[in-house]
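Naming: A, B, ... by sequence-line order, numbering from 1 per chain.
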Number of protein chains: 2
Amino acid sequence: MTKRGTNPVRRSPCPLNASVEMLGDRWSLLILRDMMLRGAQTYKQFLGLYEGIATNILTDRLRKLQAYGIITVRPDPSDGRKLIYLLTAKGIDLAPVLTEMVLWAARHEKTGNQPLIQQMRKDKEGLIAQVRQRWAATQAASAAD
Amino acid sequence: MTKRGTNPVRRSPCPLNASVEMLGDRWSLLILRDMMLRGAQTYKQFLGLYEGIATNILTDRLRKLQAYGIITVRPDPSDGRKLIYLLTAKGIDLAPVLTEMVLWAARHEKTGNQPLIQQMRKDKEGLIAQVRQRWAATQAASAAD
DNA sequence: GTGTTTCACTTGCATAATGCAAGTGAAAAA
DNA sequence: TTTTTCACTTGCATTATGCAAGTGAAACAC
């Protein structure tokens, strides 16, 4: 049951191919960004993605990320209608990937969010550790529910 | 002229968004993998991608990667029909991104290419430096043509 | 010089994915 | 009870992907 998605049919055994089959689309990556950097947790928050995501695409991606074990979902204890989406350990392990992508773009393209970029350049590992700490705190808080 | 693609219309100023607009599709990433890790340089070599890419998709992606300044193309001096595609400095700067993606997949999925993964785990920075050296050597060789 | 092969596509078409916007049903609030 | 909020679902148009045949130019073989 928990191993539902563990034996998918892949186009090759290459590790990068496994990555891109799960992440090789921009919406998944943008969702993960908002979870990691902005603490987004609800459907409505994801709908507010700055880039503008369609409801059917959001639903589809959340389902996929869940199936891949990258995120998990639970009801909000303070509002039975709301769902809370959380990164799993597998999900938070994507922090270095997203960090490197941000740094790459910042080096080669005109982009915003300069404070974050400065921080990443100054102490990449420290920022990743910080993201992990916030995630761990979220885990502890939701385990208490 | 060389700045042709520098002012694209982006859905947001976020650096990650810039990354995913250029890389947020699996074929581009797989092409880059083969360039970086296997030294693939020709259309025919890319057609041999283990995952199987269609000619029209390959052509499209090569054009896009070129437009984004990630790769460059020149004729093969030994065969006027052949084109040689090479990573640019911007392209080789994606090595840490791909490396982190490989490591992530290796940690959480059953994948092949264990020797490469062992090497990455042992000395990530060393491997990236090695990829860069091979690229620099390719640059020197093609500048001599 | 002619015919054949190789190279990098291009094309036509079917299928799949994306995106817009209206609609839906259930839970919570008023 | 009615209204609002939540997380979708749906219908349909547009765009992207994928298969496989086709194309034109350069290089090779004779």
Would you kindly give the [atom1]-to-[atom2] distance between [X] and [N], to the nearest whole Å?
X      : N       : atom1 : atom2 : answer
R81(B) : dT5(C)  : CZ    : P     : 12 Å
I31(B) : dA8(C)  : CD1   : P     : 14 Å
D79(A) : dA26(C) : CG    : P     : 17 Å
D76(A) : dA26(C) : CG    : C1'   : 16 Å
L58(A) : dA7(D)  : CG    : P     : 9 Å
I84(A) : dC8(D)  : CD1   : P     : 12 Å
L47(A) : dA7(D)  : CG    : P     : 9 Å
L62(B) : dT10(C) : CG    : P     : 11 Å

Residue L83(B), side-chain heavy atoms: nucleotide from dA27(D), dC9(C), dC8(D) that is nearest: dC9(C)

Residue T59(A), side-chain atoms from C-beta onward, closest of dC7(C), dT9(D), dA29(C): dT9(D)

Set of residues satisfying side-chain hydrogen bond (donor to acceptor under 3.5 Å, both in side chains) with respect to T72(A), sequence neighbours excluded: none

Strand contacts (DNA chain D) in residues 39-46 of chain B, 4.0 angstrom heavy-atom criterion: none

Okay, side chain of [X], backbone of [Y]: is any donor-acceptor separation there less than 3.5 Å?
X       : Y      : answer
E100(B) : P96(B) : no
T88(A)  : G69(A) : yes
R38(B)  : R33(B) : no

Can you confirm whether [X] sits close enough to [Y] that some side-chain heavy atom of one is under 4.5 Å from a side-chain heavy atom of the other?
X       : Y       : value
L23(B)  : W104(A) : yes
D76(B)  : Q41(B)  : no
D123(A) : Q119(A) : no
T42(B)  : I84(B)  : yes

Annotated protein contacts, base or backbone, on nucleotides 15-24 of chain C with a non-hydrogen cut-off under 4.0 Å, one of B, S, - each: ---SBBB---

R63(B) side-chain N/O to dT10(C) phosphate OP1/OP2 under 4.0 Å: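 So the side chain of R63(B) is within the cut-off, an N or O lying under 4.0 Å from OP1 or OP2 of dT10(C).
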
ILVMFWY cluster, I70(A) and L58(A) together (side-chain gap under 4.5 Å): yes

